[in-house]
Amino acid sequence: MPTSFREYVDLASAIKGILDNYPFGNALLREILQNSDDAGARHQKFVLDTRQHPTISLADSTLSKTQGPALLCFNDTVFSESDWQALLTIHGSNKRSEDHKTGKYGLGFRSCYHITDNPHILSADKLAIFDPHYEFGAQPGGMQIRLSEAPQYSDQFQAFHPYFSASTSYYDGTIIPFSPQSIRVLFENFIRDELKMVLLFLKNVATIELHEINEDGVIHWATASVENIHAIATDRGFSRGNDERLVSFRCIIDYHVRDSPVLRHSWRICHSILSAAETTRIMSDQLGFAVGNRLDEEKLFSHVAVAYPLDKPLDTGEGRLFTLLPLPIPTGFPLHAHGIFALMPDRQSLKNPNERGHTTESRENFLVQWNNSIFDVFLPKIWVHLLSILATEDSVDSLWPVFPTPTNDVYLRKLPDARNFVSSTNALAVLDNEDNKILDAMATASVAIFQPPLSLVSLFQTQCETGRVTKLTPLSLRLALLQQRTKLQTLNKAARIHLLEYLVVTPGGGVEFIRDLPLLPTVTDTFVACSPSVSPSQAHLLVSEAAGSLFRKTEPSMIALWMLPPNVQTILCNPQTCQLVGLAPLRPTDLPRLLNPLFGISLHTGSNISLESSGLPASWFADFWTWAVIENIEIPPSIGSSFLIPIAPGDLLRRPDAGLMSKTSLEESHRHALERAGVPFVDSTQAIDERYLDQIPIDVVRPASDISFVLNQIQVNRVLPEHCESLRQYFCIHAVAAPPLMQDQMDIFKSLSIFPIMKPDHIGVLFDKIDGDMIFLTDKSSLIPRVASTTFVDVSLDQPAKNLACLLQPNAFSVAFDEIELLAWSIPYLSIQPPNILDSLLRRLVSRAGDLGSALESLHQQPVSPSSRWIAQNRSVGY
């Protein structure tokens with residue numbers, strides 16, 4: 001006959017195995033909190049009792065060791081009969097069938113054995129005391145005492161004073177005392193590390209208090225409470241249902257430690273759960289087989305939640321994973337995240353992703369894949385919802401700090417995938433380091449852009465490569481701006497230039513990207529678009545500030561280069577690139593069409609016009625020539641007919657091809673005399689350097705020696721007597737190098753009163769003009785006859801004066817008369833001389849008869865009648 005042969009469990013050894021997997025620390029208080037929350041408690045209190053209680057009337061003498069200092073845990077719910085029964089079975093929790101409760105295996109409570117060998121639970125009408133070492137005499141293994149029997153064991157119940165009195169037969173709550181070991185340190189660690197956050201995802205518990213009680217009374221350690229619990233109780237008690245659910249609320253938690261001020265923290269909390277059917281489908285798809293009811297068996301469902309601080313961001317690395325209560329698993333995320341994670345038995349870590357069992361249907365693989373689903377599917381969905389809520393309801397300025405940051409953790413690295421957070425969008429992703437001014441300009445132009453932080457750039461880069469997101473590039477910006485051309489018209493100058501700079505200078509860009517976009521600033525402070533379809537003559541000219549100021553009235557659409565950054569200027573001015581978009585640098589051939597419209601008069605009506613008739617200020621012309629020299633402008637001959645040169649005295653403009661006189665090498669008195677006589681000079685008041693005019697490839701500035709030009713310009717009626725000496729000096733100096741004069745020039749020359757003239761009845765030389773024929777004389781003592789239309793020019797003076805004679809007649813010296821030659825020449829004109837001149841001539845003829853020789857023979861042929869005085873005076877000489 002078979003005999004009984006069954007396994008037994010050594011209770012103490014089993015508990016030791018649990019404790020080996022449940023390290024002592026904050027987990028102890030978390031487990032108590034979890035049980036209280038599962039029981040529906042609203043208030044949780046932890047009390048360090050440092051008192052020593054009596055040991056006479058105890059339920060068992062071995063319990064005297066529990067009457068010293070203890071940790072008391074209170075909540076405001078009572079145990080049901082099923083709760084009591086659940087405590088009797090290790091690994092047999094009644095919570096496995098209650099999906100609104102977190103615990104599953106009844107192991108969490110056993111962590112209390114870290115600090116006591118005899119856990120007590122007082123709730124409703126009973127006190128239960130555990131005895132895993134089977135030391136109790138009457139009830140080895142543990143006992144349960146009804147509170148109606150409390151007076152018999154008054155010292156036993158004294159440990160619960162003042163929270164419970166032995167005279168009470170019912171306690172509306174639960175008290176769990178533990179004999180303490182290092183409870184002070186446990187309190188301090190819990191307050192420092194978890195008290196601020198531990199209420200975030202709990203469904204029921206809204207207040208946690210930590211106190212100490214001694215012989216002198218109660219000492220407050222810390223309190224955390226949900227300040228707005230009445231407003232959010234329903235949403236906070238988020239429970240599983242058949243349909244998908246999504247809730248969001250703001251949770252305000254007050255935090256008070258000892259005598260410090262109360263700190264208030266505001267959190268945005270979002271909960272989400274998919275339907276059971278959808279959750280099953282997702283798991284089946286990911287595992288590759290139908291999972292059936294395995295989720296229910298493992299008590300797994302897709303409830304996830306996130307909590308983001310609204311007052312100040314979490315410190316780096318402060319984000320934690322929760323399963324309602326915080327797990328010792330930091331994430332580095334900017335928020336706390338809750339999920340029904342598949343945990344290791346000690347609830348200290350997620351299932352090892354490297355231990356998946358031998359088949360895809362193994363429990364280990366199933367649980368690992370469940371965790372993957374939380375990070376791949378469930379958490380991203382609620383996280384995206386959080387971002388939307390923060391933007392619309394909480395007015396968070398920047399959402400980027402809320403995005404998950406990359407991590408190397410096998411599980412966590414699955415979540416920060418841009419696919420989870422970015423849908424296909426027209427917004428441009430700014431993935432390179434761009435100037436904020438350029439980004440502001442894009443935003444002002446209604447170009448949708450977003451700039452992820454550096455930690456997320458690689459994630460969005462991947463999405464750009466797949467085409468779900470468009471990266472900001474010159475091409476993508478150009479396409480966006482083409483759709484916002486109307487908006488571009490409202491942008492200010494700085495914004496347009498920033499956009500222009502990005503399109504042209506950024507790698508991958510170029511001048512072709514600005515086609516048809518009104519981004520180019522003009523000299524009239526407007527903006528134009530460029531197009532390669534225009535003819536070369538219609539190209540927009542690229543000009544400097546000086547040129548823009550000069551020609552803005554003529555061509556207002558010229559491009560104002562000086563308004564653009566230097567790097568943009570360099571690219572636009574490249575001849576090979578500017579022609580691609582209908583731009584061109586200012587060329588010499590452009591000057592006529594720029595200049596001609598400036599003068600509202602005919603350009604071919606003389607050498608000079610009045611400044612007033614040009615409609616331009618005198619300074620404009622000085623600016624023109626300064627610009628031409630500084631920018632090394634090649635002035636074409638075709639502008640010779642434009643009245644561009646202001647000449648003295650400042651109210652006239654002259655055509656370059658008409659020429660003007662150089663002041664170089666001219667004495668001031670000479671220049672002044674010439675200028676007064678009508679010879680044009682550059683107006684010195686306009687600071688136009690003659691060297692500027694040398695840029696013109698025509699003979700504009702004439703040298704000081706150009707007597708022909710001077711004579712062509714002199715207006716005789718403007719020559720004043722006081723200037724004649726200066727004019728004479730000028731011609732004396734420069735006549736030696738002068739070419740022969742034209743007849744009209746000679747006529748002007750002779751009309752100047754600058755020549756040394758000898759006249760009848762005048763002793764010596766006087767300066768006058770030349771009238772009629774010229775007789776050059778080398779002897780100042782010569783007697784001058786009176787002969788009509790004849791001027792006697794003295795060539796006996798110094799060399800400069802002789803230069804005048806040569807200019808009058810190159811052979812003046814070879815045909816010049818000395819005294820004898822002039823006397824001989826005068827004989828035919830004796831008959832027309834007045835008496836006084838005739839007497840003088842005859843006397844001189846007689847005195848020089850020996851030198852005259854045969855010339856005297858013609859004297860007898862002259863019908864002359866000397867005066868009686870002359871006859872009487874010369875009779876003695878035999879005439």
Side-chain angles (χ1 to χ4, degrees), residues 11 15 28-29 31-33 35-36 38-41 43-90 93-94 106 108-180 183 211 213:
L11 181 58
I15 292 175
L28 172 62
L29 301 185
E31 293 297 339
I32 300 300
L33 273 171
N35 288 329
S36 296
D38 284 344
H43 304 285
Q44 177 69 55
K45 185 182 297 184
F46 297 106
V47 178
L48 172 58
D49 185 357
T50 63
R51 299 170 297 175
Q52 187 67 44
H53 300 287
T55 60
I56 297 175
S57 55
L58 301 177
D60 191 276
S61 60
T62 59
L63 293 175
S64 60
K65 61 187 176 183
T66 67
Q67 293 298 96
L71 170 64
L72 305 178
C73 305
F74 300 79
N75 68 43
D76 57 350
T77 59
V78 296
F79 266 45
S80 65
E81 193 59 35
S82 63
D83 292 331
W84 289 117
Q85 291 301 314
L87 288 174
L88 298 179
T89 306
I90 300 176
S93 172
N94 65 333
F109 173 76
R110 266 69 189 185
S111 64
C112 69
Y113 282 106
H114 274 295
I115 59 173
T116 184
D117 286 338
N118 301 106
H120 294 41
I121 301 179
L122 188 154
S123 184
D125 61 349
K126 299 181 181 70
L127 168 65
I129 306 174
F130 294 81
D131 177 28
H133 295 293
Y134 289 84
E135 295 178 338
F136 292 173
Q139 300 290 341
M143 68 177 70
Q144 193 174 62
I145 305 171
R146 292 193 174 274
L147 298 189
S148 59
E149 303 174 85
Q152 302 176 44
Y153 311 105
S154 57
D155 289 349
Q156 189 76 60
F157 285 91
Q158 181 66 27
F160 298 98
H161 179 77
Y163 306 102
F164 173 79
S165 172
S167 63
T168 304
S169 61
Y170 187 88
Y171 180 70
D172 191 13
T174 299
I175 305 175
I176 305 176
F178 304 120
S179 300
I183 297 302
H211 299 284
I213 186 170

J.: List the atom of A159, the atom of R51, and the distance in Å for their closest heavy-atom pair.
T.: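 Closest heavy-atom pair between A159 and R51: O-NH2, 4.3 Å.
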J.: Tell me, do K126 and F79 make a side-chain contact under 4.5 Å, heavy atoms counted?
T.: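 They are not in side-chain contact.
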J.: When you look at CG of L88, are more than 12 heavy atoms from neighbouring residues, nucleotides or ligands closer to it than 6.0 Å?
T.: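 More than 12 heavy atoms, drawn from other residues, nucleotides or ligands, come within 6.0 Å of this atom.
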J.: Identify the heavy atoms of M143 and D60 that sit nearest to each other, and give their distance.
T.: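 Where M143 meets D60 most closely, the heavy atoms are CE-CB, 4.1 Å.
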J.: Of all the heavy-atom pairs spanning D117 and P132, show the shortest one and how long it is.
T.: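 Nearest heavy atoms, D117 then P132: O-CD, 3.1 Å.
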J.: State whether a side-chain donor-acceptor pair under 3.5 Å links Q44 with S36.
T.: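 Yes, side-chain donor-acceptor contact under 3.5 Å.
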J.: If we only count heavy atoms from C-beta on, is the H53 to D155 side-chain gap below 4.5 Å?
T.: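 Answer no - side chains too far apart.
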J.: Do the side chains of I213 and P162 get nearer than 4.5 Å, heavy atoms only?
T.: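 They are in side-chain contact.
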J.: Any heavy-atom pair between the side chains of Q156 and T66 that's under 4.5 Å?
T.: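 When only atoms from C-beta onward are counted, Q156 and T66 do touch, with a gap below 4.5 Å.
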J.: How about L72 and H211: do any of their side-chain heavy atoms sit closer than 4.5 Å?
T.: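 Heavy-atom side-chain distance check fails, nothing below 4.5 Å.
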J.: Considering all heavy atoms of both residues, which atom of P140 and which atom of G137 are nearest to each other, and what is their separation?
T.: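 Distance-wise, the nearest heavy atoms are CD-O, 3.9 Å.
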J.: List the atom of F136, the atom of D131, and the distance in Å for their closest heavy-atom pair.
T.: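 In terms of heavy atoms, the two residues are closest at N-OD2, 2.8 Å.
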J.: Check A41 against N75 and note the closest heavy-atom contact, atom names and distance.
T.: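 Where A41 meets N75 most closely, the heavy atoms are CB-CB, 3.7 Å.
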J.: Would you indicate whether the side-chain heavy atoms of V78 and D172 approach each other to under 4.5 Å?
T.: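 D172 vs V78: side chains touch.
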J.: Looking at side-chain heavy atoms only, is the closest gap between I121 and W84 below 4.5 Å?
T.: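 I121 reaches W84 side chain to side chain.
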